[in-house]
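Shown next, in structure tokens, is the structure this report addresses.
As the structure is a computational prediction, the values presented were derived from the model and not from experiment. As the structure lists them, so they are numbered: ligands from 1, and atoms in each ligand from 1. Keep in mind that the numbers below use all heavy atoms, side chains included, and drop hydrogens, waters and symmetry copies.
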Amino acid sequence: MKRISLTQHLVEEQRLHNSIPAELRLLIEVVARACKTISHAVGKGALGEVLGSAESENVQGEVQKKLDILSNEMLLEANEWGGHLAAMASEEMETIHPIPNRYPKGEYLLLFDPLDGSSNIDVNVSIGTIFSVLKAPEGMGEPTEEAFLQPGAKQVAAGYAVYGPQTVLVLTTGAGVNCFTLDREMGSWVLTHRDMKIPAETKEFAINASNSRHWHPPVKRYIDEMLAGETGPRGKNFNMRWIASMVADVHRILNRGGVFMYPADAREPEKPGKLRLMYEANPMAFIVEQAGGAATNGRQRILDIQPKKLHERVAVFLGSRSEVERVTSYHFE
Ligand code: P6P
């Protein structure tokens, strides 16, 4: 079958679904190009003098890796001159980043986790970039943080790159999910998986089991039933995977099914979970739903959550629809 490039795909999507206006297509192509440069930097590893800590902390209070900062700068520089954005927001920056006045401004807001899975960088385990695109509110003057605080259902595009054995880019603009593989010799993104669908049933779950003594009862019940295997209430055996890079776990689930969980737990009752709503949970929830899966915080659809703060956290249950519905139902019993 003749393979097509990201550009040809986006043009065809615009023709078929009228879902990718020219400015959004430019935005996606610019982000995709930035992911290529991040992939190149990540791929150098120790040879690129980019491993290790940057001796600084981000707004999350996490020690930043050099590559966290480098990836963030690559995305800022790639996106600020194009005229397609009003502002950007990143896990690595406390406040929003308005487009500098020397450049034209557009109607989109771009949010990203420039390098997700940082604890895996120095040990050569897959990491990635997650991004989310919103439209700036009508009549917005100077961009404000409030302009970003839209429910995930308002996203016009979302995607992630995985920097692993292959470098892949997974993308949705609301008309299904497509996956592109980086052809390193040509330097181009090639469509390799069209209209991905998550299997409704699965035998695999992903959770950091070292937190199990802190889990709330619905999660404990759900996991214990799976651990009981074929002689237990589920009547089948399950397998577990935890890569500690959300992009890698979600990509596996997109390909072969599964359920990914980062629940709230008893350690910090006021903390609703570890993952961030705006640039981790929302883009992944959009992609997962577009692939026929489901994504909740244990009680409601993630895409329906009204954000209150840019860096707010949320509990995440996402993946094969039947499993997400089951574990969510346990939260109401
Ligand atoms: P833990 C990476 O830091 C991340 O934000 C996600 O990519 C990943 O799923 C999770 O945190 C891993 O968390 O507590 O298992 O290290």
Distance-only, no hydrogens or angles: does the K308 side chain make a donor-acceptor pair with backbone N or O of L149 under 3.5 Å? no
Under 6.0 Å from the CG atom of D195, do we count more than 12 heavy atoms belonging to anything else shown? yes
What class does the angle between the rings of W242 and F260 fall in, given that below 30° is parallel, 30 to 60° is tilted and above 60° is perpendicular? parallel
Does an N or O anywhere in Y262 fall below 3.5 Å from an N or O of ligand 1? yes
What atoms of ligand 1 come within less than 4.0 Å of a heavy atom belonging to G117? 2 (C)
Treating E280 as the side-chain partner and R276 as the backbone partner, does any N or O pair qualify as donor plus acceptor under 3.5 Å? yes
Exercise: identify the closest heavy-atom pair between Q290 and K197: O-NZ, 3.1 Å
Can you tell me if S245 contacts ligand 1 (heavy atom of the residue under 4.0 Å from the ligand)? yes
Should the proximity of I243 to ligand 1, defined as any heavy atom under 4.0 Å, be assigned to the side chain, the backbone, both, or neither? neither
Check ligand 1 against N208 and write out every atom of the ligand that is under 4.0 Å from a heavy-atom position of the residue. 1 (P), 14 (O), 15 (O)
Shortest non-hydrogen contact between P307 and P151, atoms and distance: CD-N, 3.7 Å
Return yes or no for this condition: an N or O of D249 is under 3.5 Å from an N or O of ligand 1. no
Does S118 reach ligand 1, in the sense of a heavy atom lying below 4.0 Å from it? no
Closest by any non-hydrogen atom to atom 3 (O) of ligand 1: pick that one out of M261, K274, E91. K274
Of the listed options (D113, V316, D116, L115), which comes nearest to atom 4 (C) of ligand 1 when hydrogens are ignored and any heavy atom counts? D116
Nearest heavy-atom neighbours spanning A34 and M74: CB-O, 4.3 Å
Please state which protein non-hydrogen atom is closest to atom 6 (C) of ligand 1 and give its distance, to 0.1 Å? M246 N, 3.6 Å
With heavy-atom distances below 4.0 Å as the criterion, list the atoms of ligand 1 near E280. 5 (O)
